[in-house]
Amino acid sequence: MNKKDMRRSDWCRILRREYVSRDCQMYGIRGKESLLVIREVTGPLVVHDPEAVLIAEKDYAWVQIALEGLPFWLTAMYDAQGQLIQIYFDITGGNRFNDPENPWFADMYLDIVVNSRGELYVLDRDELDAALTEGAITKDEWDKANAACARLYAYLQENRESVTELCGRVYRELGEQLIST
């Protein structure tokens with residue numbers, strides 16, 4: 001399993017960044033929200049969801065939301081004009097807050113994308129299956145990842161507009177906070 005942190009500190013592609021975070025609480029669950037603004041990169045990052053989508057370039061921004069005890073991590077990606085590109089959910093082996101300034105998660109391979117048109121996709125089932133076959137995860141972890149993905153997918157089918165609005169609010173508020181610091 002890969003370990004990913006909120007600051008994306010291991011991401012060599014980013015040469016210069018701005019970052020702000022704050023504690024949050026949603027539905028009685030504590031967590032952390034952050035805004036990472038990419039100021040300079042070694043090169044653009046294009047992913048396929050299933051179409052080619054540019055998600056990291058100069059002045060792009062990523063909102064991240066992680067809540068304690070939940071098996072997913074939200075990343076909303078915005079272009080340089082502030083337009084939502086996609087909302088990406090990593091299914092996780094839990095979100096860790098032992099470093100309150102830089103939470104992290106163990107990536108469980110499986111992901112859900114809500115693209116800019118509101119369409120939902122589950123990605124990387126093959127990676128989850130390969131991790132089980134190779135012994136990188138247990139059958140119990142595989143079951144938990146699939147169950148978490150199914151629950152989140154069902155929730156997003158009914159609530160993607162409110163999730164999109166939440167991401168937009170956090171983007172605006174943390175962007176204002178970043179400007180004032």
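Starting from 1, each residue takes its place in the sequence as its number. No experiment lies behind these values; they were computed from the predicted model shown.
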Notebook entry, point to check: Which atoms form the tightest heavy-atom contact between Glu173 and Arg22, and what is the distance?
Noted result: OE1-NH2, 2.5 Å

Margin query: Is it the case that the side chain of Arg13 and the backbone of Gly43 share a donor-acceptor pair, with hydrogens and angles ignored and the cut-off at 3.5 Å?
Written below: yes

Notebook entry, point to check: Can you check whether Leu132 reaches Glu141 side chain to side chain, under 4.5 Å on heavy atoms?
Noted result: no

Margin query: Testing the basics here: between Tyr78 and Gly168, what is the closest heavy-atom pair and its distance to 0.1 Å?
Written below: OH-N, 3.3 Å

Check: Any donor-acceptor pair under 3.5 Å linking the side chain of Lys144 with the backbone of Gly93?
Finding: no

Check: Would one find more than 12 heavy atoms of other residues, nucleotides or ligands at under 6.0 Å from atom CD of Glu158?
Finding: no

Check: Shortest non-hydrogen contact from Ala145 to Ile91?
Finding: O-CG2, 3.8 Å

Check: Is there a path of hydrophobic side-chain contacts, each under 4.5 Å between heavy atoms of I, L, V, M, F, W or Y residues, that connects Trp11 with Tyr88?
Finding: yes

Next item on the list: Assess whether side chain to side chain contact (heavy atoms under 4.5 Å, CB included) is satisfied between Leu128 and Asp124, documenting all intermediate values.
Entry: CA-CA 7 Å; Leu128 179 69; Asp124 303 329; over 6 Å; no

Checklist line | Test item: Pro71 and Arg151 side chains (from C-beta on) under 4.5 Å apart, heavy atoms | finding: yes

Note to self: Between Asn115 (side chain only) and Arg117 (backbone N and O only), is there a donor and an acceptor less than 3.5 Å apart?
What the structure shows: yes

Next item on the list: Check step by step if side chain to side chain contact (heavy atoms under 4.5 Å, CB included) holds for Ile38 and Glu57.
Entry: CA-CA 7 Å; Ile38 302 165; Glu57 178 63 287; over 6 Å; no

Check: Would you say Ile65 and Tyr171 are hydrophobically clustered, going by side-chain heavy atoms of ILVMFWY under 4.5 Å?
Finding: yes

Check: Got Ile137 and Tyr109 here, is their nearest side-chain heavy-atom distance under 4.5 Å?
Finding: yes

Next item on the list: List the atom of Met6, the atom of Ala66, and the distance in Å for their closest heavy-atom pair.
Entry: CE-CB, 4.0 Å

Notebook entry, point to check: Hey, what's the ring geometry for Phe72 with Phe89, parallel, tilted or perpendicular (30° and 60° as the breaks)?
Noted result: perpendicular

Check: Do you reckon Val170 sits in the same ILVMFWY cluster as Tyr19, going by side-chain contacts under 4.5 Å, direct or chained?
Finding: no

Margin query: Asn98 vs Trp104, test: side chain to side chain donor-acceptor pair (under 3.5 Å). Steps then yes/no.
Written below: CA-CA 9 Å; Asn98 50 328; Trp104 61 275; 3.0 Å; yes

Notebook entry, point to check: Any sub-3.5 Å donor-acceptor pair from Asp23's side-chain atoms to Arg30's backbone N or O?
Noted result: no

Check: Any idea which heavy atoms bring Val41 and Lys58 closest together, and the distance?
Finding: CG2-N, 4.1 Å

Check: Got more than 12 heavy atoms from elsewhere within 6.0 Å of CD, Glu161?
Finding: no

Note to self: Hydrophobic cluster membership, with links at side-chain heavy-atom distances under 4.5 Å among I/L/V/M/F/W/Y: are Ile87 and Tyr60 in one?
What the structure shows: no

Margin query: Any non-hydrogen side-chain atom of Trp142 less than 4.5 Å from a side-chain atom of Asp129?
Written below: yes

Item checked: Gln25 side, atom CD; Glu68 side, atom CD - distance, nearest 0.5 Å -> 9.5 Å

Checklist line | Between CH2 on residue Trp73 and CE on residue Met108, distance to nearest 0.5 Å | finding: 15.5 Å

Check: Going through the distances and angles, do Gln83 and Asp79 end up as a side chain to side chain donor-acceptor pair (under 3.5 Å)?
Finding: CA-CA 5 Å; Gln83 297 300 309; Asp79 68 18; 5.7 Å; no

Next item on the list: Check Asn102 against Arg7 and note the closest heavy-atom contact, atom names and distance.
Entry: OD1-N, 2.9 Å

Margin query: Quick check for you: to the nearest 0.5 Å, what is the distance between Asn2 atom CG and Thr92 atom OG1?
Written below: 13.0 Å

Next item on the list: Establish whether Ile14 and Ile85 are linked, either directly or via other cluster members, by ILVMFWY side-chain heavy-atom contacts under 4.5 Å.
Entry: yes

Margin query: Any salt bridge linking Asp59 with Arg39? Criterion: basic side-chain nitrogen under 4.0 Å from a carboxylate oxygen.
Written below: yes

Check: Side chains of Leu84 and Met77: closer than 4.5 Å at any heavy-atom pair?
Finding: no

Check: Can you check whether Glu40's main-chain N or O pairs, donor with acceptor, with Arg16's side chain at less than 3.5 Å?
Finding: no

Note to self: Once rounded to the nearest 0.5 Å, what's the spacing between atom OG of Ser9 and atom NZ of Lys4?
What the structure shows: 12.5 Å

Check: What is the distance from atom CZ of Arg169 to atom OG1 of Thr164, rounded to the nearest 0.5 Å?
Finding: 13.0 Å

Note to self: As an exercise, state the distance from CD of Glu18 to CD1 of Ile179, rounded to the nearest 0.5 Å.
What the structure shows: 9.0 Å

Notebook entry, point to check: Is Arg8 close to Arg17 at the side-chain level, that is, under 4.5 Å between some pair of heavy atoms?
Noted result: yes

Check: Is any side-chain heavy atom of Leu74 closer than 4.5 Å to a side-chain heavy atom of Val163?
Finding: yes

